[in-house]
Amino acid sequence: MDAAHGQQHPPGLYLKVWGLLFILSTLSYLVDFYHLSGYLRWSLIVALMLLKAGLIVAVFMHVRWERAALVGAILLPPLCLLVLLGLMLTEARHTLATRLLYFG
């Protein structure tokens with residue numbers, strides 16, 4: 001296949017991804033069906049959501065076949081935001097502990 005026509009992917013790949021997305025969506029609904037609560041519920045929901053989003057971005061938006069620079073440009077900023085969010089969470093816990101110690 002020449003470069004003018006672009007890269008073609010087998011339809012079976014898309015069908016497998018659709019099937020996997022269906023399974024992940026079913027698992028998301030089962031989290032609600034079994035009335036899970038607390039951190040377990042939200043951890044499962046977020047993990048399943050991120051898996052589905054990752055599959056969609058990788059396959060349907062063709063990021064899986066892109067250059068490393070483009071993948072870095074798409075994946076690196078959210079990763080940096082997660083690191084900064086973790087640092088803010090750590091600081092918030094420290095601030096709360098300090099306030100409780102001195103003012104509580």
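Treat the numbers as computed from the prediction; the structure is a model and nothing was measured.
The hydrophobic clustering, which links ILVMFWY residues whose side-chain heavy atoms are closer than 4.5 Å, places Phe60 and Trp65 together. Residue Tyr29 is not grouped with residue Leu21 when hydrophobic side chains (ILVMFWY) are merged at heavy-atom distances under 4.5 angstrom, including chains of intermediate members.
Leu89 belongs to no hydrophobic cluster with other residues, because no ILVMFWY side-chain heavy atom falls under 4.5 Å from its own, directly or through intermediates. In this structure, Leu79 belongs to a hydrophobic cluster whose other members, linked by side-chain heavy atoms under 4.5 Å apart, are Leu76. Annotation for Met49: hydrophobic cluster partners, listed by chain and number, are Val46, Leu50 (ILVMFWY side-chain heavy atoms under 4.5 Å, direct or chained).
For the side-chain contact (heavy atoms from CB on, under 4.5 Å) test, residues two or more places apart in sequence or in another chain that qualify with Leu70 are Glu66, Ile74. Annotation: side-chain contact (heavy atoms from CB on, under 4.5 Å) contacts of Leu15 (sequence neighbours excluded): Trp18. With sequence neighbours excluded, no residue forms a salt bridge (Lys or Arg N to Asp or Glu O under 4.0 Å) with Arg64. Partners of Met61 according to the side-chain contact (heavy atoms from CB on, under 4.5 Å) rule, which considers only residues two or more places apart in sequence or in another chain, are Val57, Val63.
For the atom pair Leu30 CG and Leu48 CG, the distance stands at 9.5 Å (nearest 0.5 Å). Note that the CG atom of Leu85 and the SG atom of Cys80 stand 12.5 Å from one another [nearest 0.5 Å].
Ring geometry for His62 versus His9: interplanar angle under 30°, hence parallel rather than tilted (30 to 60°).
Judged as a salt bridge (charged side-chain N to carboxylate O under 4.0 Å, His left out), not a single pair has a partner in residues 52-63 (not counting sequence neighbours). Residues in residues 30-40 take part in these side chain to side chain donor-acceptor pair (under 3.5 Å) pairs, two or more places apart or across chains: Asp32-Arg41.
Nearest heavy atom pair, residue Leu55 against residue Leu20, reads CD1-CD2, 3.5 Å. The heavy-atom pair separating Gly72 from Pro77 by the smallest distance is O-CD, 3.6 Å.
Residues Ile56 and Val17 are not in side-chain contact: their nearest non-hydrogen atoms beyond the backbone lie 4.5 Å or more apart.
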Would you give me the side-chain donor-acceptor pairs under 3.5 Å for residues 90-104, sequence neighbours excluded?
{"unit_1": "Thr90", "atom_1": "OG1", "unit_2": "Gly86", "atom_2": "O", "d": "2.9"}
{"unit_1": "Thr95", "atom_1": "OG1", "unit_2": "Glu91", "atom_2": "O", "d": "2.9"}
{"unit_1": "Thr98", "atom_1": "OG1", "unit_2": "His94", "atom_2": "O", "d": "2.8"}

